[in-house]
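Counting starts at 1 for both ligands and their atoms, following the listed order.
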Amino acid sequence: MKFLKLFALFIAFQIHAQQGGMWIPSLLDGMNAGEMHKLGMKMSVKDIYDVNNSSLKDAVPHFNGGCTSEVISPKGLLLTNHHCGYGQIQSHSTTEKDYLTNGFWAYKLEDELPNKDLEVTFIVKIVDVTPDILTGVNAIADEAGKQAKIQQNISALSKSYPKENFQENRIRTFYKGNQYLLFVSETYQDVRLVGTPPSSIGKFGSDTDNWVWPRHTGDFSIFRIYADKNNRPAKYSKDNVPYTPKHFLPISLDGVAEDDFTMVFGYPGRTSEYLPAVAIEQIVTELNPAKIEVRDRTLKVTDSYMRKDNAIKIQYAAKYASTANYWKKWIGESQGLKKSNAVAVKREQEKQFQEAVKKAGKESEYGTLLADFETNYKAIAPYAVAREYFNEIFLRNVELLKNTYKFVQLEQILKTKGEQAFTDRKNNLATGLGDFYKDYNNTVDEKIFEQVIELYVNQSPKQFLPKSITAANLTQLQNELYHQSKLTTFEGVKQILSGDTSTIIKNLNADPAFQFVKEASTAYFTNVEPKYSELNLHITALQRTYIKALLELKTNPRMFPDANSTLRVTYGKVTGYEPKDAVVYKPVTYLDGVLEKYIPGDYEFDVPAKLIDLYNKKDFGNYSENGKMPVCFIATNHTTGGNSGSPAIDANGNLIGLNFDRVWEGTMSDIYYDPAICRNIMVDARYILFIIDKYANAQNLISELKLVHPKQSKTLKKKSLQK
Ligand code: ARG
Ligand code: ASP
């Protein structure tokens, strides 16, 4: 009997150990440590995060706030994804020196390329400061007042908490306002491009293969962190020297086998794992479809021009990739949520929650939570839809509108902050916008406008639109915007911005693009934004109470805080999955698959001649496995956007891969994680080494690395023990 109970527990544990989660590295002791060791981890959790000694966290900086990266050499060499370094690679590219197409390799330090606006941030220390931040908050009755007090406490403690003068303090909320952690961090601002494969390797399969397994992308690029002579953060200077890290990751040459332990360490951006059913329903039926449609039209236009014209292809490559990325993700997410019946599953969980509340005698505190969610989400729906259309059309996909909005803000600044702030901002725009116009094509943008403005007029809730904009005057509007506005060229902008303040304001207000964007944004900020914010504030308060209740009632022992761009650990094991009836996906892909997908001359599936040559000669160096070259693998690590570039780490703390994506069937994992089909995708570290060494001949980089054989040394040890 006892045995049976134990056995049942064991099974339950086995299942739970697979269920994802993004955990705080300083709080792994206990349940997480137990699960990680069960899954095969050999290190202790102190090897992952330690304040007093160097640990893995010291090798894993946030890459420019959006991706993750890892230090892989004692001289500050930094690995991240090709798609994370894409903006930098593109900014160094021209039609003559096209690093996107041909790749780039620095064979000596002097050749490494400095980057404007690129920084990496290391976490020095994590401290729980919840009591400090919540001091005096409960005494305040209204939600806005509470939030203001919290902000006040946050800014006071960020200032007073002890740190070195080259460090920063940042405080972030976890569990939707139920926990606050302070991060002491160090930001390095001189980060140079060292190497990148051509897109035909680094972006192989492009948008067709994006979010899809089986995958064959060598999605990596290499940078180097530079510091001042004292190894401290410093702005770019030719006198800076390569950064000496507190820790760097050795790289395993032994690869992965099915069921191996893996952990991914990085900065997941945002998840919403604890949404009520009504919110998920809204995402699937209203919000995702609106965003998808706007981007669908934008992408079709851009694609048609990029295929015809190489200069446009270079101008729009990065913008296209980033717009396409979430467009495709939302499609997958909606499908996955439907297929896994996420709404029904959540409704069932909510029933159980309601019963647990009753059982615990907490009805007065939590009894109406779910009903309140229902009311507020229904009320916010039209505002939320209007907000998506406004954001997608005016602030994201139509570049003339997005750019003009900056001038509308400029006028606002004059009204709210005065002449000096206005002049500073104006000067900023006058210099900064050069980069924008370098990649702007008026013909492409006009076509995008034509396609999506119709959605704004016909699909966005009509009651919120400005009166003057109707379906009847769209052609005329388009003509005025794209053929009469000064804001379509950098020259025009410079003209408009010359002269004294009142002339600038007068000229702006006479410009048709300015007039239109001002009218539309005024309508948005009068009719939509205030009500949206008000309802959203209620929802935020409800979410905080809901999370508090879930934590208190302990209905789920593995409750992790939603991702919030802070450092997290996720762990699991290498394993395939069954995407649909009768289909089984294996967990590892090989170079053979690259050749299977090869379409000569295709912009997504071309393969460089040199790679084909290496493949034919089986010239794989030390990096192959039974005569084959591994390329990518998948595992059950629970990751999200921001985890790109994260190191995949083996049981002993060595690098085995580089995280870059998730599988199609599991893209809904930000909202509903299903352990049966959610997998993260990584490039095998050996493929990266092979490309650097054999393809690029950059032995200068290989010689900086620490290459190890953790599995061989284990078998060697075993053998010597047997003797
Ligand atoms: N889907 C991955 C992520 O969200 C990779 C995106 C880059 N690749 C691409 N083809 N756009 O970032
Ligand atoms: N590709 C994503 C990133 O850039 C990772 C993911 O969403 O799985 O962070």
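- Remark: Lys328 is not positioned above the aromatic ring of Trp211, lacking an NZ or CZ atom under 6.0 angstrom from the ring centre and at most 45 degrees off the axis.
- No more than 12 heavy atoms of other residues, nucleotides or ligands lie within 6.0 Å of NZ in Lys447, so this atom counts as exposed by the packing criterion.
- In terms of protein heavy-atom proximity, atom 7 (C) of ligand 1 is closest to His83 CG, 3.4 Å.
- Contact annotation: for Asn325 versus ligand 2, there are no heavy atoms closer than 4.0 Å.
- Side-chain contact between Lys116 and Asp435: present, with at least one pair of heavy atoms (C-beta onward) separated by less than 4.5 Å.
- Of all protein heavy atoms, the one closest to atom 4 (O) of ligand 2 is Ser644 OG, 2.4 Å.
- Counting atoms of ligand 1 from 1 in the listed order, those under 4.0 Å from a heavy atom of Ser206 are 10 (N).
- Thr262 and Asn637 share a donor-acceptor pair across their side chains, judged by distance under 3.5 Å alone.
- Residue-ligand proximity, Gly642 to ligand 2, at heavy-atom distances under 4.0 Å covers atoms 3 (C), 9 (O).
- Of the charged side-chain nitrogens involved, at least one lies within less than 4.0 Å of a carboxylate oxygen, so that Glu168 and Arg170 count as a salt-bridged pair.
- If you check which protein heavy atom lies closest to atom 6 (C) of ligand 1, you get Asn325 OD1, 3.3 Å.
- The shortest N or O to N or O distance between Gly66 and ligand 2 is not below 3.5 Å.
- For Lys203, no nitrogen or oxygen atom sits less than 3.5 Å from a nitrogen or oxygen atom of ligand 1, counting backbone and side chain alike.
- Taking the centre and axis of the six-membered ring of Phe261, the NZ or CZ atom of Lys573 falls outside the cone set by 45° and 6.0 Å.
- Residue Asn659 has no N or O atom closer than 3.5 Å to an N or O atom of ligand 2.
- Under the 4.0 angstrom criterion for non-hydrogen atoms, Ser644 is in contact with ligand 1.
- Residues Asp562 and Arg270 are not paired through a salt bridge, judged by the lack of any N-O separation under 4.0 Å between the basic side chain and the carboxylate.
- Residue Ala321 approaches ligand 1 through these ligand atoms, each under 4.0 Å from one of its heavy atoms: 11 (N).
- Proximity of Lys329 to ligand 2 is not established, as no heavy-atom distance is less than 4.0 Å.
- Atoms of ligand 2 found under 4.0 Å from any heavy atom of Phe660 (numbered from 1 in listed order, with element): 1 (N), 2 (C), 5 (C).
- Counting the atoms of ligand 2 from 1 in the order shown, those under 4.0 Å from a heavy atom of Trp211 are 7 (O).
- Looking only at protein heavy atoms, the nearest one to atom 8 (N) of ligand 1 is Asn210 OD1, 3.8 Å.
- By the 3.5 Å distance cut-off applied to N or O atoms, Asp661 is counted among the residues near ligand 1.
- Between Asp219 and ligand 1, not a single N/O pair is under 3.5 Å apart.
- Figure legend: cation-pi geometry between Lys610 and Tyr695, with NZ or CZ positioned under 6.0 Å from the six-membered ring centre and within 45° of its axis.
- Across Val284 and Leu337, no two heavy atoms sit closer than the pair CG2-CD1, 3.7 Å.
- The single protein non-hydrogen atom nearest to atom 8 (O) of ligand 2 is Arg662 NE, 2.8 Å, given as residue, atom name and distance.
- For the pair Lys319 and Tyr316, the cation sits on the ring face: its NZ or CZ lies under 6.0 Å from the ring centre, inside 45° of the axis.
- The environment of NZ in Lys308 is crowded: more than 12 heavy-atom neighbours from other residues, nucleotides or ligands sit within 6.0 Å.
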